[in-house]
Number of protein chains: 2
Amino acid sequence: MRATLTHAIEDYLKIIYDLSVIDAWVSTSQIAKALEVKPASVTGMIQKLAAVTPPLVEYRKHYGVILTPEGERVALEIIRHHRLLETFLHETLGFDWDAVHAEADRLEHVISEEFEERIAQVLGDPTHDPHGDPIPDRDLQMPVHATTCLSELRVGQQARIERVRNDNCELLRYLSERGLLPGVEISILDYSPFDDNLYLQVQGRPESIVLGPRITGQIFVELK
Amino acid sequence: MRATLTHAIEDYLKIIYDLSVIDAWVSTSQIAKALEVKPASVTGMIQKLAAVTPPLVEYRKHYGVILTPEGERVALEIIRHHRLLETFLHETLGFDWDAVHAEADRLEHVISEEFEERIAQVLGDPTHDPHGDPIPDRDLQMPVHATTCLSELRVGQQARIERVRNDNCELLRYLSERGLLPGVEISILDYSPFDDNLYLQVQGRPESIVLGPRITGQIFVELK
DNA sequence: AAAATAATTTAGGATAAGCTAAATATTATT
DNA sequence: AATAATATTTAGCTTATCCTAAATTATTTT
Ligand SMILES: [Mn+2]
Ligand SMILES: [Mn+2]
Ligand SMILES: [Mn+2]
Ligand SMILES: [Mn+2]
């Protein structure tokens, strides 16, 4: 019979979706790390997700999982909740850019379809959240969005920041203090090959900035 | 050590607070009925609530429970969340009068103090929710409010509706269809002693209405 | 190809919150 | 005061989710 979608199940599906962007098959330990639980707990859960009807993941022992169409549907539903909530918290309630994630992570499991619909309307059906992440539409289709990573840029290139990975609120605060927000224009001044540092100029700021690969790998841009 | 406030604990404390308005000591079966769980489950929970440090209720076997000051503080905190949320859902998001309760019942456990604070500000620190129930202020003090029950009124008296018990959304829809909302003026046309029916006129409506005691006992008014 | 290392799974437990059925206590009726 | 009806508690189970420790499987290195 059809599975009850508990909060934990929803969080697992959401994280599996996110991780599968990098590689379609997702390993037990990737999930464990992302959710900050032990690998043994992940094995227990993914075996359950694979055993319900209809299955939410396909599971290969000692190899990993991939979302089924049904699992992906549920994941996108929760991701839509999460990103609409982040946008609402920021735009309508005035939460800081870096404070919305934790709040949305709890609310996403609890709001009704009516709540989802009403905040979407209040916000005018936004296509991106405050971090620039795309929001699936009512039919759970993802809008097209930038996939060029800032770490790929080299000297002389210019770009506009589209999105910033949002799971670390210290990083978000660090970036916003330096003006590195979605929509902002940047140009690359220099690149040092051994440490992969990028020297860049943020439009409207006097000083230049140096960013290491741990940061530039989290920022996605649209080339000019 | 200090108890973790789970959703279930919060729901128990909230319901005990509500029930203790009628009688300070609240019985196991009253709680069981209100929460729609079995009495045996209630016994289990209230024993836990009495055993934590500091205790959240005082418990007398085979008699009932009463909230401790700490238990009351937690209850008021959740009631503030609940009623602010109801007001926000109605006023800001345009939810129907009768749809807000169920949504608030889930969200109340999940919102942060920042969320609470921001919706209070957006709403201008309201003192009453859409059903007319008083909202505890930041220091958890309840505003003064009407305690005259509509069922106590007799022929010739006039009053303004202050609040309507909000746990039954069919009743709320029934009432709003007849114009019986907080703020509306009414006058009593007749009273039949055997069935306790009240015949009344709602200001601005052509026809008069007959209400039985199951309804009039749920409506509170301010006498004119 | 064997050994070492890493990743994954199994087994057994913990905690939270509910349930049913049986036992016990309280209150009401005769 | 005894009996009956009601209310409450206890005991034992269930489900969901997480944990640790031990066992197993897969991968990498020598
Ligand atoms: Mn979450
Ligand atoms: Mn939805
Ligand atoms: Mn609740
Ligand atoms: Mn609060």
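Chain letters run A, B, ... following the sequence lines, proteins first, then strands; residues in each count from 1.
Within the 4.0 angstrom heavy-atom criterion, only backbone atoms of the sugar-phosphate kind lie near B/Ala8; the bases stay farther away. When heavy atoms are screened at a 4.0 angstrom cut-off, A/Ser27 is found touching the sugar-phosphate backbone but no base atom. Contacts of B/Thr43 with the nucleic acid, taken as non-hydrogen atoms under 4.0 Å apart, include base atoms. Among the protein residues, B/Ser29 comes within range of the sugar-phosphate backbone only, with heavy atoms under 4.0 Å from sugar or phosphate atoms but none that close to a base. Across all strands, A/Ser41 comes closer than 4.0 Å to base atoms (heavy-atom distances).
For B/Arg178 and B/Tyr174, the positive end sits near the middle of the six-membered ring, less than 6.0 Å away and at most 45° from its axis.
Here the range on DNA chain D touched by chain A, meaning any atom under 4.0 Å from one of its heavy atoms, is D/dA16 to D/dA26. Along DNA chain C, the stretch of nucleotides lying under 4.0 Å from any heavy atom of chain B spans, 5' to 3', C/dA16 to C/dT26.
With the nearest nucleotide of DNA chain D identified for both A/His62 and A/Tyr12, A/Tyr12 has the one nearer the 5' end. Checking A/Lys48 against B/Gln47, the closest nucleotide of DNA chain D that is more toward the 5' end is the one next to B/Gln47.
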Side chains of residues 32-39 of chain B: which donor-acceptor pairs under 3.5 Å do they make with residues two or more places apart or in other chains?
none

Just distance, no hydrogens or angles: give the donor-acceptor pairs under 3.5 Å from side chains in residues 84-99 of chain B, sequence neighbours left out.
from, atom 1, to, atom 2, distance (Å)
B/Glu86, OE1, B/His131, ND1, 2.9
B/Glu86, OE2, B/His82, NE2, 2.8
B/Glu86, OE2, B/His101, ND1, 3.0
B/Thr87, OG1, B/Arg83, O, 2.7
B/His90, ND1, B/Phe95, O, 2.8
B/Trp97, NE1, B/Pro130, O, 2.7
B/Asp98, OD2, B/Arg173, NH1, 2.6

Acceptor/donor pairs from residues 135-142 of chain A side chains to any protein atom, 3.5 angstrom cut, sequence neighbours excluded:
from, atom 1, to, atom 2, distance (Å)
A/Asp137, OD1, A/Asp139, N, 2.8
A/Asp137, OD1, A/Leu140, N, 3.0
A/Asp137, OD1, A/Gln141, N, 2.9
A/Arg138, NE, A/Glu117, OE1, 3.0
A/Arg138, NE, A/Glu117, OE2, 3.2
A/Arg138, NH1, A/Asp125, OD1, 3.0
A/Arg138, NH2, A/Glu117, OE2, 2.7
A/Arg138, NH2, A/Asp125, OD1, 3.1

Q: Determine, step by step, whether A/Tyr199 and A/Asn197 satisfy the side chain to side chain contact (heavy atoms under 4.5 Å, CB included) criterion, reporting the C-alpha distance in whole Å, the side-chain angles of both residues, the deciding distance to 0.1 Å, and the verdict.
A: CA-CA 7 Å; A/Tyr199 295 71; A/Asn197 278 345; 4.3 Å; yes
(Q) Let's go through A/Trp25 and A/Ser20 carefully: what are the C-alpha distance in whole Å and the side-chain angles of both, what is the deciding distance for side chain to side chain contact (heavy atoms under 4.5 Å, CB included) to 0.1 Å, and is it a yes or a no? (A) CA-CA 6 Å; A/Trp25 284 84; A/Ser20 69; over 6 Å; no
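B/Glu58 and B/Thr68 form no side-chain donor-acceptor contact under 3.5 Å, judged by distance and modelled atom types alone.
For the salt bridge (charged side-chain N to carboxylate O under 4.0 Å, His left out) condition, the pairs that include at least one residue of residues 5-32 of chain A, sequence neighbours left out, are A/Lys14-A/Asp105, A/Lys14-A/Glu108.
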